[in-house]
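Working notes, beginning with the structure itself.
Order of listing sets the numbers, starting from 1, for every ligand and every atom in it. Source: prediction; values computed, not measured.
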Amino acid sequence: MSHRVIGIDLGTTNSVVATVDDSGVVAILPNADGGQITPSVVYFEADGTALVGTEAVRDAAFDPDNGVRLVKRYMGSEFPLDIRGQQHTPESISALILRQLVSAATGTGGGPAQDEKVSAVITVPAYFGMAEREATHQAGVLAGLDVLELLDEPVAAATHYGLTTGGNRTILVYDLGGGTFDTTVLRIVDGAVRVLATDGHHELGGADVDRRLLDLVTERFGEILPSEELDDLIDDQAWLADLALDVEAAKKDLSKVTSREISVRTPRGRAAVTIDRADLDAACSDLYQTTSEIIERVLRAAGNSGNHIDEIIMVGGSSRIPVLGQRLADLFGKVPQLIDPDLAVAKGAALRAHHLVGSAQMSALTARHAASHSRGGGPAASAGWLRGLPGGPGAITPVTPRAVGIRIEDSNDPEGKRAFIAHMVTANTPLPVDQTEHRFGTIVPNQGSVRIQVYEQSGAVLSPEVEHNRRVLDGELTGLSKLPAGAVIQVTLRISVDGRLTVIAHEPRSRKELTLEAFVEGVIDAAETERLAKMVSQTRVRG
Ligand code: AMP
């Protein structure tokens with residue numbers, strides 16, 4: 001069966017789809033309006049149709065109860081959304097966005113044909129933990145996609161910038177999008193990409209800049225309009241929605257011009273105020289300072305003082321704000337690169353998808369080639385075939401974005417109430433993590449079961465306190481018998497390359513390997529998956 005291979009940047013504010021054509025050229029696949037960037041916004045119409053994209057932004061602004069924005073912020077969390085009588089989740093909303101992205105691209109040049117199977121690499125922020133990755137994978141599956149891989153956005157960006165091949169180097173990726181900030185240090189050695197450290201803030205982006213500019217603009221209107229008149233205007237949802245759109249457009253213009261007028265309709269005609277780029281920079285300086293502090297933190301985590309960064313690449317629509325490039329140039333003493341910042345991640349994902357499928361097809365050819373040689377008694381020439389692969393992103397070494405550990409009860413606590421997290425894997429450990437084994441003890445004699453709760457670090461700083469970590473797996477090792485207190489339980493932890501966590505608990509006295517029944521919190525169970533799959537496939541989507 002033929003299938004189309006695409007890369008999808010499923011962004012907090014905007015999403016982009018790209019593919020690589022037969023001649024190896026990366027192309028953006030168009031959305032329903034013929035554009036390249038689709039707002040990641042869903043609006044449910046009265047008949048249940050899911051409207052995705054620019055029109056949805058407008059409708060959701062007027063009728064926010066039936067619209068969903070910034071859903072990526074809730075991926076991996078329990079966040080039911082009741083809309084027009086249907087119970088949605090972050091996964092199902094994301095799946096509807098994915099469905100519309102693919103459906104709009106279907107039948108276009110380079111896009112999939114009707115009913116063609118679609119295989120995709122979907123990008124995720126490097127700091128996404130396990131639950132968020134699971135949820136993103138689930139969204140892809142609900143949308144009917146064959147998910148080839150979840151690729152870290154900075155790695156996709158570096159691939160687009162052509163920095164993952166052709167020499168050894170260390171790169172800092174600065175990604176400021178609409179709703180998230182993500183910064184990562186990558187090391188490229190002989191074409192293999194390794195994430196040295198990653199950090200970010202998932203509630204910081206262009207939407208915050210928009211809010212600051214909106215405040216600034218309304219403050220300025222407050223200086224020229226009577227206060228009751230301005231209060232009435234602000235209470236008018238349609239007026240405020242129009243102003244919010246004008247403010248975002250003005251913000252974008254202020255990346256090109258140093259001053260911009262914003263005009264609004266008032267009961268007595270029109271009124272206008274002028275905002276200088278410097279005013280906006282001053283209003284946002286604390287936001288920008290936060291990105292600088294996170295960069296310092298990521299450099300420390302990467303063991304890099306900043307002197308050893310060979311390239312700085314800027315990604316995300318908000319990285320067009322000129323002062324941000326200047327700040328980076330001042331910090332590193334070199335000019336950052338800014339090429340196609342809103343399309344970079346999708347293009348890199350498409351290159352990766354093309355490479356993955358190309359490798360698989362080459363491997364199949366190689367296997368056949370080797371078999372035919374061995375039948376003839378000649379040497380198998382597979383190595384030569386594989387070495388000749390066209391320039392893809394090469395091997396990618398992702399890391400655990402956060403420390404992972406087991407919750408244990410403190411046996412020194414006389415009240416037996418204190419618990420803490422014993423981390424078994426630190427943040428930024430290269431994946432896969434294989435067979436990290438730790439030994440824990442049972443607490444009371446004849447303990448029949450042991451609850452195994454796996455946590456990941458939830459903040460930027462490593463802490464054993466339970467509240468500074470969040471639970472990702474929970475299960476019960478049962479069937480233990482006649483063990484004294486302190487009997488050894490071996491816990492083995494594995495994390496696969498795409499962040500899936502497996503925990504195996506073993507009680508050596510009985511030499512029985514007991515199965516740990518575990519589930520990732522926030523990820524939906526089989527019955528719920530079926531319900532959502534049905535709902536997603538039966539919902540009409542349009543852009
Ligand atoms: P992304 O999530 O990467 O698509 O980035 C979207 C964000 O980039 C939105 O907040 C946009 O308003 C913002 N953006 C796009 N173009 C510009 C620009 N020229 N100047 C400032 N912000 C921009």
query: Which of parallel (below 30°), tilted (30 to 60°) and perpendicular (above 60°) describes F221 and W239?
result: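 The arrangement is perpendicular - the two ring planes meet at more than 60°.
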Considering only non-hydrogen protein atoms, determine which one is nearest to [atom] and report residue, atom name and distance to 0.1 Å.
| atom | answer |
| --- | --- |
| atom 15 (C) of ligand 1 | K252 CE, 3.6 Å |
| atom 19 (N) of ligand 1 | R320 CD, 3.5 Å |
| atom 21 (C) of ligand 1 | S255 OG, 3.3 Å |

For ligand 1, which atoms have a heavy atom of [X] less than 4.0 angstrom away?
| X | result |
| --- | --- |
| E248 | 9 (C), 11 (C), 12 (O) |
| G177 | 1 (P), 2 (O), 3 (O), 5 (O), 7 (C) |
| K251 | 9 (C), 10 (O), 11 (C), 12 (O), 13 (C), 22 (N) |
| N14 | 4 (O), 6 (C) |
| I321 | 21 (C) |
| G316 | 3 (O) |
| G206 | 10 (O) |

Checklist entry - Roughly how far apart are K252 NZ and E248 CD, rounded to 0.5 Å? => result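 Taking NZ in K252 and CD in E248, the distance rounds to 4.5 Å.
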- Hey, what do you get for CG (L51) to CZ (R542), rounding to the nearest 0.5 Å?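 If I round to the nearest 0.5 Å, the distance is 4.5 Å.
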Is there at least one pair of N or O atoms, one from [X] and one from ligand 1, spaced under 3.5 Å apart?
| X | result |
| --- | --- |
| D210 | no |
| G317 | yes |
| G178 | yes |
| D342 | no |

Do we see a donor-acceptor contact under 3.5 Å between the side chains of [X] and [Y]?
| X | Y | result |
| --- | --- | --- |
| S15 | T38 | no |
| D63 | Y43 | yes |
| R270 | S263 | yes |

Step by step, would you call Q457 with R470 a side chain to side chain donor-acceptor pair (under 3.5 Å)? CA-CA 6 Å; Q457 164 192 349; R470 78 186 162 139; over 6 Å; no
Original post:
When you look at S259 and D276, which way does the side chain to side chain donor-acceptor pair (under 3.5 Å) test go after all the steps?
Top reply: CA-CA 4 Å; S259 187; D276 291 339; 3.0 Å; yes
Check: With a 4.0 Å cut-off, would you call E311 and K334 a salt bridge?
Finding: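 Salt bridge between E311 and K334, a charged N being under 4.0 Å from a carboxylate O: no.
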Q.
Heavy-atom contact check, 4.0 Å cutoff: does S318 meet ligand 1?
A.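 It does, in that a heavy atom of S318 comes within the 4.0 Å cut-off of ligand 1.
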How about CZ on R260, more than 12 heavy atoms from neighbouring residues, nucleotides or ligands closer than 6.0 Å, or not?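 More than 12 heavy atoms, drawn from other residues, nucleotides or ligands, come within 6.0 Å of this atom.
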